[in-house]
Amino acid sequence: MKYTEIIMTYLKSTLSACLLVLFFGMSAEAQITEKAEFGKFAITNATIYTVTNGVIENGTVLIKNENIIEVGTNVNIPSEYEQIDASGKHVYPGFFDAGTQLGLQEIGAVAVTNDQAELGDFNPHVRAFTAINPSSVNIPVTRVNGVTHVTSMPVSGRLAGKATLIDLYGYSPDSMAVKPNAGIHLNWPTSKKGGWWDDRTDEEVEKEYKKDLKELNEFISRAQFYDKMMTDFENNPNNKQQPDMDKKMQAMREVVKGEIPVIVSVDAKSDILDVIDWIENYPDMQFVLAGVRDGWRVADEIAEAGLPCLVSTLYTPERDYDNYQRPYQNPGKLHAAGVKVAIATGEVENVRNAPYHAGFAASYGLGKKEALKAITINAAEIFGVSDKLGSIEEGKQANLFIADGDPFEPMNHITDVFIRGNKIPMVSRHIQLYQQYLDRGAKTN
């Protein structure tokens, strides 16, 4: 093929991809035209699951603008409040998926819609916050299922970049952000082979693992030195030349100071134990484990190290001989050992299934009460936002929903969702397609 033909073929394929993205984006925005309501609401006659203060029967929640201003029974309701009768229904705090790629990826086969991965092994300066797409079709699909806020994070390389904690309502990343920099994502270098296709010898695997770990330690050591150097200058700049700025090292300053956690993705038992040993070298930093599929095997060690865990339940067991129940049991076994667990699906379009991850965990040992904490207050505490989110309390942000049944059960029906006090339209692409094909108007003759 001639050079000009290659160029034309590339341009055509790129144009096609862009038109595909434009089509999907325009159709999604054009379809959801309802606006959220904002103001003063009184949810009455409800069973309220506060999470932190028990269950209130026949209770009332008053919402004024962005916040909850009163919760309880015999609440005086001012006349200007719009009342929502929740008789026979249940009010829950908005669910929190603590680990996703929501808003960073739209169409997997179209590269220009994917912002969850960057080139390079060490990218602490990469921020998910700047790449969030508020118009993602996946966001309405997720929030109408009771998930009102998520942590969304980059996934590629060794230090993939900084995660962001967002509400699932807003017209810009700024309007959605609860905590723009919620943590930094570290993919732990595994000491195991990748699978049956990995033809490296054991010696080669071990050599590469040690090399990766050495590079990681050196990077953190440089970041610690850089932070000390910059702090010394900032505290006393007189008669000193300002050090040269390094964007990667600058991004690491809040990490090495322990201001945001390092979210360590790790699964295998041996790797988890290595992480536990490794973090002892960095007492000033915060750490959270994510994935932790073998966590049940070393639950006591994780608990002793005081490491919270972000876990899912819908995955294939780590070993062929593991009981099929292990993924469902993992959160309960970690909790029984004393580990704080939070639900993190690691998904994009399937973040909507976060309640069912919690439901499986509840059924296989965690129990409903602790499962509810795992998808609400525990996640909020792990990311340092429990003063705003995670429970239904006076003064907290009004992220909550009303359901006619158990939200861990797929057959429940969520009737109302509030995010930052906004009463969200119960519309999504899935709902629209369901309604469209339910009543197709097809001829019978």
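None of these values were measured; they are calculated from a predicted model.
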Qualifying residues under ring-ring contact (aromatic ring centres under 6.0 Å, His included), relative to His149, sequence neighbours excluded: Phe96
Kindly state each residue pair satisfying ring pair (Phe, Tyr, Trp, His ring centres under 6.0 Å) with at least one member in residues 200-257, sequence neighbours excluded. Phe122-Phe219
Salt bridge (Lys or Arg N to Asp or Glu O under 4.0 Å) partners of Glu206, counting only residues at least two apart: Lys210
Sort and list the pairs that fulfil ring pair (Phe, Tyr, Trp, His ring centres under 6.0 Å) and have at least one residue in residues 346-379, not counting sequence neighbours. Tyr328-Phe360, Tyr328-Tyr364
Tell me the side chain to side chain donor-acceptor pair (under 3.5 Å) pairs involving residues 297-308, sequence neighbours left out? Asp294-Arg297, Arg297-Asp322
Restricting to salt bridge (Lys or Arg N to Asp or Glu O under 4.0 Å), what partner residues turn up for Asp227, sequence neighbours left out? Arg253, Lys257
Trace of the side-chain hydrogen bond (donor to acceptor under 3.5 Å, both in side chains) decision for Gln329 with Arg326: CA-CA 5 Å; Gln329 295 172 339; Arg326 292 306 185 208; 2.7 Å; yes
Taking only residues two or more places apart in sequence, or in another chain, which ones meet Thr47 in a side chain to side chain donor-acceptor pair (under 3.5 Å)? Glu57
Partner set under salt bridge (Lys or Arg N to Asp or Glu O under 4.0 Å) for Lys228, not counting sequence neighbours: Asp232
Give a yes/no verdict on a cation-pi contact between Arg293 and Tyr315, requiring under 6.0 Å between NZ or CZ and the six-membered ring centre and an angle within 45° of the axis. yes
Going by salt bridge (Lys or Arg N to Asp or Glu O under 4.0 Å), name the residues that satisfy it together with Lys64, two or more places apart in sequence or in a different chain. none
List, one per line, each side-chain donor-acceptor pair under 3.5 Å for residues 276-284, sequence neighbours excluded.
from	atom 1	to	atom 2	distance (Å)
Trp278	NE1	Asn217	OD1	2.7
Asn281	ND2	Trp278	O	3.1
Tyr282	OH	Asn217	OD1	2.8

Name each donor-acceptor pair under 3.5 Å that joins a side chain in residues 342-355 to protein atoms two or more places apart or in another chain, with its distance.
from	atom 1	to	atom 2	distance (Å)
Thr345	OG1	Asp97	OD2	2.6
Thr345	OG1	Glu347	N	3.2
Asn350	OD1	Arg352	NH2	3.1
Arg352	NE	Glu349	O	3.4

Any carboxylate oxygen within less than 4.0 angstrom of a Lys/Arg side-chain nitrogen, looking at Lys214 and Glu218? yes
Strictly below 4.0 Å, N to O, side chains only: are Asp387 and Lys396 in salt-bridge contact? no
Ring geometry between Tyr169 and Tyr171 (parallel below 30°, tilted from 30 to 60°, perpendicular above 60°): perpendicular
The complete set of side chain to side chain donor-acceptor pair (under 3.5 Å) pairs with one or both residues in residues 373-382, sequence neighbours excluded, reads Lys340-Glu381
Between Phe418 and Phe41 (judged by ring centroids, cut-off 6.0 Å), do the two rings come close enough to count as a pair? yes
